[in-house]
Amino acid sequence: DTEVTQTPKHLVMGMTNKKSLKCEQHMGHRAMYWYKQKAKKPPELMFVYSYEKLSINESVPSRFSPECPNSSLLNLHLHALQPEDSALYLCASSQVTGGAGYNSPLHFGNGTRLTVT
Amino acid sequence: QKEVEQNSGPLSVPEGAIASLNCTYSDRGSQSFFWYRQYSGKSPELIMSIYSNGDKEDGRFTAQLNKASQYVSLLIRDSQPSDSATYLCVSFGNQFYFGTGTSLTVIP
């Protein structure tokens, strides 16, 4: 059983739709992440919320918009996506230990398989 | 130069053999290292965490870390067909860095 829960598991959307991906963690972690993963590639960081402060991968287009309502919840709002945005979207959390170079591991949810038509 | 480098494989081993997966990293400030297993279409699953030089064993898995050589490895003993997956090496310095993954196939 995963302690990071993502919904929905699958999503098909048109290029004019607006949808949201949701993530919830029950591990008491203070950092939450969105990753995008294409087939046969490693996960690529999109956004990080650490102590509810946002850090952005500046290569991520503005059609992706994160929201962190509280330290346990993380949403990813999607608008006017392109077919190349089809991928597995992974939410993860980790404890922030504060020591230089030290961190607890990432704990991933099961992911949302997104298809943009 | 990539922060974390892995042989992409594919690596094939017979059932019951030892699979050896290797990883090098470039950031000397990295102190935390993780191995994840990822089945096709699924999310990464944490296999091992290692923070200190030397070996760390957990069941059939042994992680090895050599900070002087900036080298991390994962040994899988008595490999099973269910171990067939992609293995991701991840380091943490001031952020998480992912290797490109090594594809392992265990042949029955």
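Lettering of chains follows the sequences in order, A, B, ..., and the numbering in each one begins at 1. If you're wondering where the values come from, they're calculated on a predicted model, not measured in any experiment.
Across B:Pro44, B:Gly101, B:Gly99, B:Ser49, the residue that shares the most heavy-atom pairs under 4.5 angstrom with chain A is B:Pro44. In terms of non-hydrogen atom pairs under 4.5 Å with chain B, the most contact-rich of A:Ser94, A:Gly111, A:Ala92, A:Pro43 is A:Pro43.
Proximity to chain A (any heavy atom under 4.5 Å) is shown, for B:Glu45, by neither the backbone nor the side chain. Within the 4.5 angstrom heavy-atom criterion, no atom of A:Ser55 approaches chain B. Neither the backbone nor the side chain of B:Phe33 comes within contact range of chain A; no heavy atoms are under 4.5 Å apart. Neither the backbone nor the side chain of A:Gln6 comes within less than 4.5 Å of any heavy atom in chain B.
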message: Let's go through A:Ser93 and A:His29 carefully: what are the C-alpha distance in whole Å and the side-chain angles of both, what is the deciding distance for side-chain hydrogen bond (donor to acceptor under 3.5 Å, both in side chains) to 0.1 Å, and is it a yes or a no?
response: CA-CA 6 Å; A:Ser93 70; A:His29 290 166; 2.8 Å; yes
- prompt: What do the steps show when you test B:Arg77 against B:Glu57 for salt bridge (Lys or Arg N to Asp or Glu O under 4.0 Å), and what is the final call?
  reply: CA-CA 11 Å; B:Arg77 291 182 300 281; B:Glu57 186 174 321; 3.4 Å; yes
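Counted within 6.0 Å of NZ on B:Lys67, heavy atoms from surrounding residues, nucleotides or ligands total more than 12; the atom is thus considered enclosed. Within a 6.0 Å radius of CD1 in B:Ile107, more than 12 heavy atoms belonging to other residues, nucleotides or ligands are found.
The side chain to side chain donor-acceptor pair (under 3.5 Å) with B:Glu3 is formed by just one residue from the set B:Ser30, B:Ser26, B:Ser91; it is B:Ser26.
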